[in-house]
Number of protein chains: 2
Amino acid sequence: MSQGEPGIELDTSLGYMLKAAASALHSAMEAVLSPLGMTITHYSCLELLAQRPGLSNSELARGAFVTRQSMNVLLQSLERQGLVIRPARAPVGRALPTELTDLGRRQLEVASAAVRRVEQNMLADLDTDEQDQMRRLLRTCITSITEPPASTT
Amino acid sequence: MSQGEPGIELDTSLGYMLKAAASALHSAMEAVLSPLGMTITHYSCLELLAQRPGLSNSELARGAFVTRQSMNVLLQSLERQGLVIRPARAPVGRALPTELTDLGRRQLEVASAAVRRVEQNMLADLDTDEQDQMRRLLRTCITSITEPPASTT
DNA sequence: TGACTCATGTCAGTAGTCTGACATACGGTG
DNA sequence: CACCGTATGTCAGACTACTGACATGAGTCA
């Protein structure tokens, strides 16, 4: 079965393992959010707004790792549901600062608790030092990927 | 814009950082695969087949972290393009063992080299020990998420 | 002032993935 | 043998997120 050919060794490839971990986390979050009638992006948007009130559509999109077009569709839906609110006119520029409503805050509370349990379960076998180490490693990876690769066609 | 906001809980949440890292890697891979006319799942499928020839549709789906329905659509497309080949009838059960064609192998070579560069760039600032540590941490997380939470619903 | 650049919000069309459903094949157990 | 549970391949419809496009507002610079 295992032929060390060219390409990437799947069992040791950090790229593959990163995707595997993210996929597992995604599934676990979906499993707890779906019964609440929420998608992951839906939850992410609410969580972002709770921690950073007044974020614009584009800023929310970047924070939730989707395009601003996708976030815009979601925001319109959340607005109709009365979970968030945006001013009719932009106070400055074109950006519309978004805020959670009380209803949105209540919905987020339930979801946030569920997601926190998922994350705690993921980290159940890691002590504090290991978690710090993992933060450091992930941050280094993110920086390296995001920064200019210097030389590539 | 309202920049300058100090990072809050989000910046220390390992779940969020995991998603951020995976998203950055995803974008970087997309950026190099798109010019080759390939999607990430397309590449993943070919890479899996190179290392584990004879994988079935369902096995490929699990390996690429998509549903078997999605992989089936992709496989039919790859088959039409002459990149993979499947027997008309299953030798045993219903599973159809899939194999790369020479054309598929050639296309994979180019893509694999590009993806390897992306992964190496991601790990540019990590030494061997740190990479091993990261493998260990990710594997622990995957196991914890996947295993039964053994708690209340 | 006017031209240029950049970021934003939004509309429309497209593509990839998902859920639901059904038929088929194997392995157990009565 | 018949029955049941599990796994697979596949078709169809629905959904989510994406790319492309356009207009608006703010900042820069000559």
Side-chain angles (χ1 to χ4, degrees), chain A residues 19 22-23 26-31 33-35 37-45 48 54-81 84-99, chain B residues 1-4 19 22-24 26-31 33-46 48-49 54-81 84-99:
Chain A
K19 186 171 177 179
S23 174
H26 187 93
S27 296
M29 285 180 63
E30 232 170 20
L33 289 177
S34 176
M38 303 174 65
T39 66
I40 294 183
T41 309
H42 177 144
Y43 156 75
S44 301
C45 180
L48 280 163
L55 247 45
S56 71
N57 172 40
S58 290
E59 291 170 324
L60 286 169
R62 283 191 290 269
F65 311 108
V66 297
T67 62
R68 68 184 194 277
Q69 291 91 331
S70 299
M71 183 55 72
N72 188 42
V73 173
L74 174 62
L75 271 185
Q76 288 173 354
S77 167
L78 296 183
E79 219 171 354
R80 274 195 303 273
Q81 297 176 50
V84 307
I85 190 169
R86 286 191 290 181
R89 279 183 32 81
V92 56
R94 298 207 71 198
L96 298 173
T98 313
E99 306 259 352
Chain B
M1 279 192 305
S2 52
Q3 285 179 349
K19 185 171 178 178
S23 173
H26 188 93
S27 296
M29 287 180 63
E30 231 169 22
L33 290 176
S34 176
L36 302 175
M38 304 174 64
T39 66
I40 294 184
T41 309
H42 176 143
Y43 156 75
S44 300
C45 179
L46 263 47
L48 280 163
L49 284 174
L55 246 47
S56 72
N57 174 40
S58 290
E59 290 170 323
L60 286 168
R62 282 190 290 268
F65 311 107
V66 296
T67 62
R68 68 185 196 275
Q69 291 92 329
S70 298
M71 183 54 73
N72 187 43
V73 173
L74 174 61
L75 272 185
Q76 289 174 355
S77 168
L78 297 183
E79 220 171 353
R80 275 195 302 274
Q81 297 177 49
V84 305
I85 189 170
R86 284 190 293 179
R89 279 181 34 80
V92 56
R94 297 207 71 197
L96 298 173
T98 313
E99 307 260 352

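Throughout, protein chains are lettered first and strands after them, A, B, ... in sequence-line order, and every chain is numbered starting at 1. Just so it is clear, the model here is predicted, and its values are computed rather than measured.
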| message | Tell me whether the side-chain N or O atoms of A:Arg68 pair up with the base of C:dA7 as donor and acceptor below 3.5 Å, since no angle test is needed here. | response | no
| query | Looking at B:Ser70, does any N or O in its side chain come under 4.0 Å of the phosphate oxygens OP1/OP2 on C:dG16? | reply | no
| said: Rounded to the nearest 0.5 Å, what separates atom NE2 in A:His26 from atom CZ in B:Phe65? | reply: 13.0 Å
| task | Find which nucleotide of DNA chain D each of A:Phe65 and B:Asn72 is nearest to by heavy atoms, and output the residue with the more 5' nucleotide. | result | B:Asn72
| request: Please examine the side chains of A:Gln76 and A:Arg86, heavy atoms only from C-beta on, and report whether any two atoms are closer than 4.5 Å. | output: yes
| said: Under 4.0 Å, counting only non-hydrogen atoms across every strand here, what does B:Ser58 touch: a base, just sugar-phosphate, or nothing? | reply: sugar-phosphate
| So what does B:Arg62 touch, heavy atoms closer than 4.0 Å: a base, only the sugar-phosphate, or nothing? | sugar-phosphate
| task | Remember a base hit wins even if backbone is also touched, and classify A:Leu74 as base, sugar-phosphate or nothing at under 4.0 Å, heavy atoms. | result | nothing
| request: Measure from CD on B:Glu79 to C1' on D:dG9 and round the result to the nearest Å. | output: 12 Å
| Would you say a side-chain N or O of A:Thr41 is under 4.0 Å from OP1 or OP2 of D:dT16? | no
| field | Residue whose nearest DNA chain D nucleotide is more 5′ - B:Arg86 or A:Gln69 | value | B:Arg86
| Phosphate oxygens OP1/OP2 of D:dA17: is one of them under 4.0 Å from a side-chain N or O of A:Thr67? | no
| Separation of B:Leu60 atom CG from C:dT17 atom C1', in whole Å? | 16 Å
| said: Take a 6.0 Å sphere around CD1 of A:Ile85 and say whether it holds more than 12 heavy atoms from other residues, nucleotides or ligands. | reply: no
| message | Just the rounded figure in Å: distance from P of D:dT16 to NE2 of A:His26. | response | 12 Å
| query | In whole Å, what is the span from the CG atom of B:Leu75 to the P atom of D:dT8? | reply | 14 Å
| query | Between D:dG9 atom P and B:Leu55 atom CG, what is the distance in whole Å? | reply | 10 Å
| remark: Rounded to whole Å, CZ of A:Arg89 lies from P of D:dT24 at a distance of 13 Å
| query | 5'-most contact on DNA chain C: A:Gln76 or A:Glu30, nearest heavy atom basis? | reply | A:Gln76
| remark: Here the pair of heavy atoms bringing B:Asn57 nearest to B:Arg68 is ND2-O, 3.2 Å
| note | Closest heavy-atom pair, B:Cys45 versus B:Leu74, reported as atoms and distance to 0.1 Å, is CB-CD2, 4.0 Å
| field | Rounded distance in Å - CE (B:Met71) to P (C:dT19) | value | 15 Å
| remark: B:Ile40 atom CD1 is separated from D:dC18 atom P, nearest whole Å, by 12 Å
| Base C:dA23 paired with B:Arg94 side chain (donor-acceptor, <3.5 Å) | yes
